[in-house]
Amino acid sequence: MAECVRTTLNPSHFLLHSTKTPTQNPFFSSHSSFEAKSNARKYPKISLSVMSSQNQSQSQSQGQTQVPSLDALLNSGRKEEVFASIKASLHNCLSETNLHLTVPGLKSKTRGKVRDIYDSGDYLVLVTTDRQSAFDRILASIPFKGQVLNETSLWWFNRTRHMIPNAVLSVPDKNVTIAKKCSVFPVEFVVRGFVTGSTETSLWTVYKNGVRNYCGNVLPNGLVKNQKLTANILTPTTKAEDHDVPVTPDEIIERGLMTQDEFDEAREKALSLFEYGQRVALEHGLILVDTKYEFGKSSDGSILLIDEVHTPDSSRYWIANSYEERFQNGLEPENIDKEFLRLWFRENCNPYEEKVLPDAPEELVCELAWRYIFLYETITKSRFEVQPMGEPIHNRISRNVSSALSSLQ
């Protein structure tokens, strides 16, 4: 993996954004407070093309791998292997960087919720930190999170180049991506396949509050939480200070945020990327529930995919083979994203209004770190290489970025 992440990705004419600070788009299964009570109501069957138990047995007899339960996956021997490293790194997270003070040629720093972005003139240096963001604020630092996000995005960027060019030039460090600049569309393309979520702008929250026309999508009455939509929908957002604000396609055009042609192309790409991501996820026993994409425009007018792709920060994932039964019984899906941490903060404070939040419990931080690693390994079928302790992370990044920028000049 160390060699893999240092290889050049995509020709140098691909560009990356420079004007916008990126925002970052289950608890333990025995924790009953996060699980809806079972009820007798039966909802319409939702087809996910997930193998039945009989088909799974047949597939296994034919040499295919049966998808185990979430408990079996998350409590495997592999978890024990990495948990010690996670615990040892709790106080060695990459929470902040200051490369502009140590790397020659870096002109400025822009601090996003998760990424620190440095302008080096022709290029941007994007450092993915371990900061955990939700509710438009930082909740905690999660060991190895930045490395997971960076390497997960690289994997997806490589596999979606046939659909849309992306902005990556090289990845000189496990936490770093270097790319060229482009103008960024101030719109996040949020694509959803299910009625779910817990934040103020989530589809389930607005739906249960009576909204039936959301971001230009007309929603029928009678939907229930976690139900699959008949078709994937786009619910774009734009920025108002620090908040994501839902916006309709017509408003995007009227405000001059994008031209009609630009929006139409980005919309088509977003929906195609999401459908592709759903297909790949399902092949690995997962449901890609929703995600967000960001796009930029290069000097030649091409629309590029930027920021991150299908990471556990920008996306929601559920375990596929247990979804149908749990949905029919009114239970929350088994999920492996950051939703359980959001729920903990919602239950223990008001994360939107309180100035000082409680510290996230260490057990939750460790569990989330493990689930990020688990998701990476499940999707990529690659072993996640935990960076050994020793040299401070910032020193390693500074050295690798300096070397990479020198070679690009």
Side-chain angles (χ1 to χ4, degrees), residues 15-25 110 112-114 133-137 163-164 167 181-221 223 227 229-275 277 288-298 301-310 313-316 352:
L15 309 179
L16 191 64
H17 56 310
S18 62
T19 59
K20 179 176 180 288
T21 301
T23 5
Q24 307 309 111
N25 291 174
T110 301
K113 291 177 182 174
V114 173
S133 171
F135 308 109
D136 297 314
R137 62 194 302 176
M163 305 174 67
I164 181 173
K181 301 174 181 177
C182 74
S183 58
V184 178
F185 296 117
V187 177
E188 290 189 353
F189 284 70
V190 181
V191 186
R192 306 177 188 273
F194 292 76
V195 186
T196 192
S198 62
T199 64
E200 290 183 348
T201 58
S202 72
L203 188 56
W204 171 245
T205 300
V206 299
Y207 185 85
K208 73 177 180 179
N209 289 335
V211 174
R212 293 296 180 269
N213 191 322
Y214 189 54
C215 299
N217 300 284
V218 178
L219 303 171
N221 291 321
L223 298 179
Q227 183 172 346
L229 295 165
T230 55
N232 297 327
I233 64 173
L234 176 68
T235 60
T237 64
T238 188
K239 296 297 176 186
E241 296 183 358
D242 293 329
H243 296 284
D244 297 337
V245 179
V247 64
T248 67
D250 288 344
E251 289 171 334
I252 291 173
I253 309 305
E254 291 169 0
R255 297 179 188 178
L257 304 178
M258 304 178 75
T259 67
Q260 186 69 60
D261 288 344
E262 290 168 344
F263 175 80
D264 290 343
E265 181 176 350
R267 177 185 183 278
E268 178 187 357
K269 296 299 184 184
L271 291 171
S272 296
L273 286 165
F274 188 65
E275 182 180 351
L288 178 59
V289 178
D290 50 42
T291 194
K292 66 97 177 172
Y293 305 103
E294 294 190 47
F295 299 96
K297 193 170 187 177
S298 68
S302 301
I303 291 183
L304 310 176
L305 180 63
I306 63 173
D307 198 46
E308 61 182 326
V309 189
H310 300 161
D313 247 23
S314 66
S315 313
R316 194 188 317 266
Y352 285 109

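Predicted, not measured: the structure shown is a model, and the values here were computed from it.
- Among the candidates L305, I306, D307, the single residue satisfying the side chain to side chain contact (heavy atoms under 4.5 Å, CB included) test with V309 is L305.
- When all heavy atoms of T248 and G216 are compared, the closest pair comes out as CG2-N, 3.9 Å.
- Partners of T201 according to the side chain to side chain contact (heavy atoms under 4.5 Å, CB included) rule, which considers only residues two or more places apart in sequence or in another chain, are T199, Y214, P246.
- The distance from atom CZ of R192 to atom CG of N232, rounded to the nearest 0.5 Å, is 12.0 Å.
- Side-chain contact between I252 and F185 is absent, with no heavy-atom pair separated by less than 4.5 Å.
- Closest approach of T205 and E200 over heavy atoms only: CG2-O, 3.9 Å.
- Taken to the nearest 0.5 Å, the OG atom of S315 stands 9.0 Å off from the NZ atom of K292.
- Using a 4.5 Å heavy-atom threshold, the side chains of V187 and M258 count as touching.
- L273 CG to E268 CD: the interatomic distance, rounded to the nearest 0.5 Å, is 10.0 Å.
- Distance alone, capped at 3.5 Å, is enough to place a donor-acceptor pair between the R212 side chain and the Y207 backbone.
- Environment of CD in Q260: crowded, with over 12 heavy atoms of neighbouring residues, nucleotides or ligands closer than 6.0 Å.
- Considering all non-hydrogen atoms of both residues, V211 and L219 come closest at O-CD1, 4.5 Å.
- In the displayed structure, R137 atom CZ is contacted under 6.0 Å by more than 12 heavy atoms of other residues, nucleotides or ligands.
- A heavy-atom distance below 4.5 Å is not found between the side chains of D290 and F194.
- Ring centroids of F263 and F189 are separated by less than 6.0 Å, placing the two rings close together.
- At least one donor-acceptor pair closer than 3.5 Å links the side chain of T238 to the backbone N or O of P186.
- Considering all non-hydrogen atoms of both residues, P236 and C215 come closest at O-SG, 3.7 Å.
- You'll find the side chain of L257 stays beyond 4.5 Å of the side chain of E251, heavy atoms only.
- Here the straight-line distance linking atom CZ of F274 with atom NE2 of H310 works out to 7.0 Å at 0.5 Å rounding.
- Residues V245 and T237 are not in side-chain contact: their nearest non-hydrogen atoms beyond the backbone lie 4.5 Å or more apart.
- Side chain of Y293 to main chain of K269: no donor-acceptor pair is present (N/O by atom type, distance under 3.5 Å, no hydrogens or angles).
- Nearest heavy atoms, T196 versus R316: CG2-NE, 3.6 Å.
- Rounding to the nearest 0.5 Å gives a distance of 5.0 Å between CD1 of I233 and CG of L203.
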